[in-house]
Undergrad: 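First the structure, then my questions, so here it is.
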Amino acid sequence: MAVSKEKMHLGGLARRLVLDGLLTEEAARQHFDEALKHKTPFVSHLVGKKILDSQTIAIAASQEFGVPLFDISALDRDVIPSDLVTEKLIRKHHALPIFKRGNKLFVAVSDPTNLQALDEIKFHTRTSTEAILVEEDKLMKVIDQTMEAAETTMTDLMDADLDNIDFEDTDERPSDDVDADIDDAPIVRFVNKILLDAINKGASDIHFEPYEKTFRIRVRHDGILKEVASPPSSIANKLTSRIKVMSRMNISERRVPQDGRIKMSLSKKRAIDFRVNTCPTLYGEKIVLRILDPTSAQVGIEQLGFSDKQRKQFMAAIKKPYGMILVTGPTGSGKTVTLYTALNILNSDDINISTAEDPVEITVPGINQVNVNVKTGLTFAESLRAFLRQDPDIIMVGEIRDLETAEISVKAAQTGHLVLSTLHTNDAPQTLNRLSQMGIPPYNIASAVLLIMAQRLARKLCDSCKQEEKLPVDLLVKEGFSEEDAKSTKPYKAVGCDLCVNGYKGRVGIFQVMPVSEEMQQIIIQGGSTKNLEEQAIKEGVLTLRESGLEKIMAGVTSIEEINRITKD
């Protein structure tokens with residue numbers, strides 16, 4: 001194959017792939033630039049986008065650089081030194097230390113020209129490093145398995161010490177005549193195992209549900225509920241009482257809903273909180289635990305799922321010195337994570353940030369967080385009044401539920417403060433009318449609100465097993481694609497493998513980001529309807545939730561079936 005001098009300027013593995021005729025020069029440059037843009041290793045980008053398969057790339061790299069190809073799937077994972085470097089560094093470079101001999105550390109990589117990875121690992125471990133060439137897909141599978149085993153030592157906990165997990169001390173203890181046997185070892189171990197299993201699987205909620213003749217336990221993973229256990233209904237009261245004691249609730253009160261909290265220490269560096277709620281039903285108390293993992297709010301804005309335009313609009317709004325930013329969507333749509341991502345960006349020594357939440361779900365150093373408590377009179381409105389007397393720069397209100405809270409929030413946004421909050425509406429245009437219905441004058445809404453963002457969470461297709469789905473153009477057009485997009489779109493479908501759940505792994509945000517323009521302000525002041533605002537948003541190029549979802553389908557991130565599940569037609 002004849003190669004021009006221009007092509008020879010490509011370095012490393014990209015050059016070899018061009019020389020072998022596996023990529024054109026133009027494609028190599030394009031994919032190399034895209035990998036840099038998304039801060040993804042070049043080989044990972046090629047494999048993830050299904051441009052080339054792992055084995056083809058590995059063979060080309062082996063021939064070019066004279067490095068033998070090693071089958072990492074055959075390695076005994078017990079010999080992998082999982083504590084030498086951080087998971088962040090391993091995942092950043094897709095490089096895994098697999099063996100140490102003396103002062104030499106052998107590092108598995110899919111691109112032996114990734115000298116930055118070897119240098120950073122060398123610096124952190126103070127060893128000399130040597131690259132071991134492996135296939136990218138096998139490497140990522142071993143990394144996932146190694147990190148899962150090392151992160152929490154869950155296996156040891158679940159198998160050996162379920163009755164001695166460290167929980168925060170409880171003030172409430174059962175009386176001798178009320179379920180005094182709830183501390184029985186089998187009950188303790190069973191509850192602990194359910195909690196640990198849920199954390200280990202990345203679940204967001206756990207449901208304990210009593211029925212007339214059965215007792216069901218379900219967990220919500222990536223937005224979908226799945227039954228995980230069905231213990232005998234005869235122990236339902238003991239399980240309920242055990243959880244209520246752990247949550248500092250009154251175990252003798254079974255007629256009214258209660259709220260509580262559990263703090264579980266997995267290690268010296270990692271603790272998980274559970275927000276607990278009980279609700280009396282026909283056959284006992286249903287209990288739902290929301291798992292609150294502080295690491296969930298440290299994802300970074302690039303991982304939320306914004307398009308480039310949406311991210312720029314969101315960043316521009318949160319950098320404004322004053323005004324109101326509203327995030328809308330149903331419970332469990334990721335609103336809290338989005339708000340805390342913004343707060344983490346804004347959090348600095350020269351900024352005073354205060355939040356009022358019910359309850360505080362994620363604790364962040366440097367932010368003054370208040371737990372709303374209606375029983376003691378500490379409402380959202382009272383918290384806001386206190387904040388305004390404490391020289392705030394940024395205020396976050398967990399949810400605007402009533403006129404009083406809305407009025408104080410709007411006033412704060414108009415008087416030099418940046419206010420972030422949430423509302424429960426279906427999309428962005430409806431939010432402005434919702435504020436109006438609550439009693440806020442239109443001119444105050446128009447002057448205070450900077451940006452409204454509706455969001456949902458969609459399950460991401462598993463990169464290891466997703467398959468292209470051949471669909472006719474007219475069907476894609478019916479789903480909402482334009483004729484042009486329908487002809488070029490290659491949708492994928494969920495399949496399922498050992499690395500995912502029913503073909504999906506993780507979730508990504510679907511957003512409708514609507515900056516409030518001058519034209520929208522005029523519509524609001526003139527008492528325009530939601531329809532008027534929707535029409536203006538379309539004119540200004542604001543994507544609906546459905547259209548944002550279609551973009552994720554075109555990018556191969558999720559499936560048509562999943563977007564149909566979370567957005568209306």
Side-chain angles (χ1 to χ4, degrees), residues 23-24 26-27 29-40 42 44-53 222-223 301-314 329 333-334 338 427-428 453-496 500 502-514 537-569:
L23 289 175
T24 65
E26 182 182 359
R29 292 185 185 283
Q30 176 188 342
H31 292 302
F32 193 82
D33 290 342
E34 287 180 6
L36 283 176
K37 178 181 177 182
H38 294 98
K39 299 181 180 179
T40 303
F42 180 54
S44 309
H45 175 80
L46 293 177
V47 174
K49 295 293 184 181
K50 298 189 181 299
I51 308 301
L52 294 171
D53 64 82
D222 287 345
I301 194 165
E302 293 81 9
Q303 281 73 50
L304 290 180
F306 288 115
S307 68
D308 288 342
K309 179 181 177 182
Q310 290 174 336
R311 183 173 65 252
K312 289 175 182 177
Q313 290 173 330
F314 183 65
S333 60
T338 298
D427 59 22
M453 186 167 69
Q455 71 176 81
R456 302 290 188 273
L457 286 177
R459 291 178 295 168
K460 293 195 294 184
L461 286 166
C462 173
D463 288 330
S464 299
C465 66
K466 66 181 182 182
Q467 290 182 1
E468 189 175 328
E469 189 174 16
K470 301 292 185 182
L471 295 174
V473 171
D474 59 341
L475 180 59
L476 292 176
V477 170
K478 188 177 179 181
E479 292 289 349
F481 291 98
S482 66
E483 286 277 359
E484 183 180 351
D485 287 339
K487 292 176 182 178
S488 60
T489 295
K490 295 180 179 179
Y492 287 86
K493 64 180 179 180
V495 178
C500 64
N502 299 326
Y504 296 95
K505 186 176 182 181
R507 289 192 287 179
V508 66
I510 306 294
F511 298 95
Q512 179 187 29
V513 180
M514 190 181 83
I538 292 171
K539 288 181 183 178
E540 296 179 12
V542 175
L543 296 180
T544 65
L545 286 167
R546 179 74 179 180
E547 289 168 340
S548 292
L550 296 180
E551 285 195 341
K552 293 293 189 294
I553 294 171
M554 293 172 64
V557 174
T558 190
S559 65
I560 292 175
E561 181 184 22
E562 179 65 5
I563 294 302
N564 284 339
R565 184 181 72 84
I566 64 169
T567 65
K568 63 181 180 180
D569 294 334

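In this text, all values refer to a predicted model and were calculated from it rather than measured experimentally. Note: hydrogens, waters and symmetry copies are ignored here, and every other heavy atom, side chains too, is used.
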Undergrad: Is any side-chain heavy atom of Ile553 closer than 4.5 Å to a side-chain heavy atom of Ser559?
TA: no
Undergrad: Mind checking whether Phe511 and Thr338 have side chains closer than 4.5 Å, heavy atoms only?
TA: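 SC-SC contact between Phe511 and Thr338 confirmed.
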Undergrad: Can you tell me how far the CD1 atom of Ile563 sits from the CZ atom of Arg456, to the nearest 0.5 Å?
TA: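 The CD1 atom of Ile563 sits 11.0 Å away from the CZ atom of Arg456.
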Undergrad: Is there a donor-acceptor pair closer than 3.5 Å between any side-chain N or O of Gln512 and the backbone N or O of Ala428?
TA: yes
Undergrad: Quick one: list whatever passes salt bridge (charged side-chain N to carboxylate O under 4.0 Å, His left out) with Lys466, sequence neighbours left out.
TA: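 With sequence neighbours excluded, Lys466 shows a salt bridge (charged side-chain N to carboxylate O under 4.0 Å, His left out) to Asp463, given in chain and number order.
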Undergrad: Distance from Glu562 atom CD to Tyr504 atom OH, nearest 0.5 Å?
TA: 5.0 Å
Undergrad: Quick one: CD1 on Ile510 to CD1 on Ile566, what's the gap to the nearest 0.5 Å?
TA: 5.0 Å
Undergrad: Establish, from distance only, whether the side-chain atoms of Glu34 and Gln30 form a donor-acceptor pair under 3.5 Å.
TA: yes
Undergrad: Do Ile560 and Leu475 make a side-chain contact, defined as non-hydrogen atoms from C-beta onward lying under 4.5 Å apart?
TA: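 Heavy-atom side-chain distance check fails, nothing below 4.5 Å.
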Undergrad: Could you list the residues that satisfy side chain to side chain donor-acceptor pair (under 3.5 Å) with His31, not counting sequence neighbours?
TA: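 Expected list: His45.
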Undergrad: Give the minimum heavy-atom separation between Gly496 and Cys500, together with the two atoms involved.
TA: CA-SG, 3.8 Å
Undergrad: Which heavy atom of Val477 sits nearest a heavy atom of Ala486, and at what distance?
TA: CG2-CB, 3.8 Å
Undergrad: Can you tell me how far the CG atom of Leu23 sits from the CZ atom of Arg29, to the nearest 0.5 Å?
TA: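 One finds 12.0 Å between CG of Leu23 and CZ of Arg29.
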Undergrad: Can Ser548 and Gln310 be counted as having a side-chain donor-acceptor contact under 3.5 angstrom?
TA: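 Yes.
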Undergrad: For the side-chain contact (heavy atoms from CB on, under 4.5 Å) test, which of Gln313, Glu551, Lys312 pairs with Ser307?
TA: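 Between Ser307 and the candidates, side-chain contact (heavy atoms from CB on, under 4.5 Å) is satisfied uniquely by Glu551.
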Undergrad: So, Gln455 side chain and Gly329 main chain: donor-acceptor pair closer than 3.5 Å or not?
TA: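 Judged by distance alone, no pair lies under 3.5 Å.
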Undergrad: Do other residues, nucleotides or ligands put more than 12 heavy atoms under 6.0 Å from Asp485 CG?
TA: yes
Undergrad: Measuring from Arg459:CZ to Asp222:CG, what's the distance to the nearest 0.5 Å?
TA: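 These two atoms lie 7.5 Å from each other.
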Undergrad: Which distance, rounded to the nearest 0.5 Å, do you find between the CG of Leu476 and the CD of Glu469?
TA: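 Reported to 0.5 Å precision, the distance equals 9.0 Å.
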Undergrad: Look only at the side chain of Arg546 and the backbone of Glu479, and say whether a donor-acceptor pair between them is shorter than 3.5 Å.
TA: yes
Undergrad: For the NZ atom on Lys490, are there more than 12 heavy atoms of other groups (residues, nucleotides or ligands in this structure) within a distance under 6.0 Å?
TA: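 It does not: Lys490 NZ has 12 such atoms or fewer within range.
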Undergrad: List the residues meeting salt bridge (charged side-chain N to carboxylate O under 4.0 Å, His left out) with Glu561, not counting sequence neighbours, and say none if there are none.
TA: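 Salt bridge (charged side-chain N to carboxylate O under 4.0 Å, His left out) list for Glu561, sorted by chain: empty.
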Undergrad: Given 3.5 Å as the limit, does a donor-acceptor pair link the side chain of Glu540 with the main chain of Ala537, or not?
TA: no
Undergrad: Using distance alone, with no hydrogens and no angle criterion, decide if Tyr492 and Thr558 have a side-chain donor and acceptor under 3.5 Å apart.
TA: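 Thr558 and Tyr492 do not have a side-chain donor-acceptor pair below 3.5 Å.
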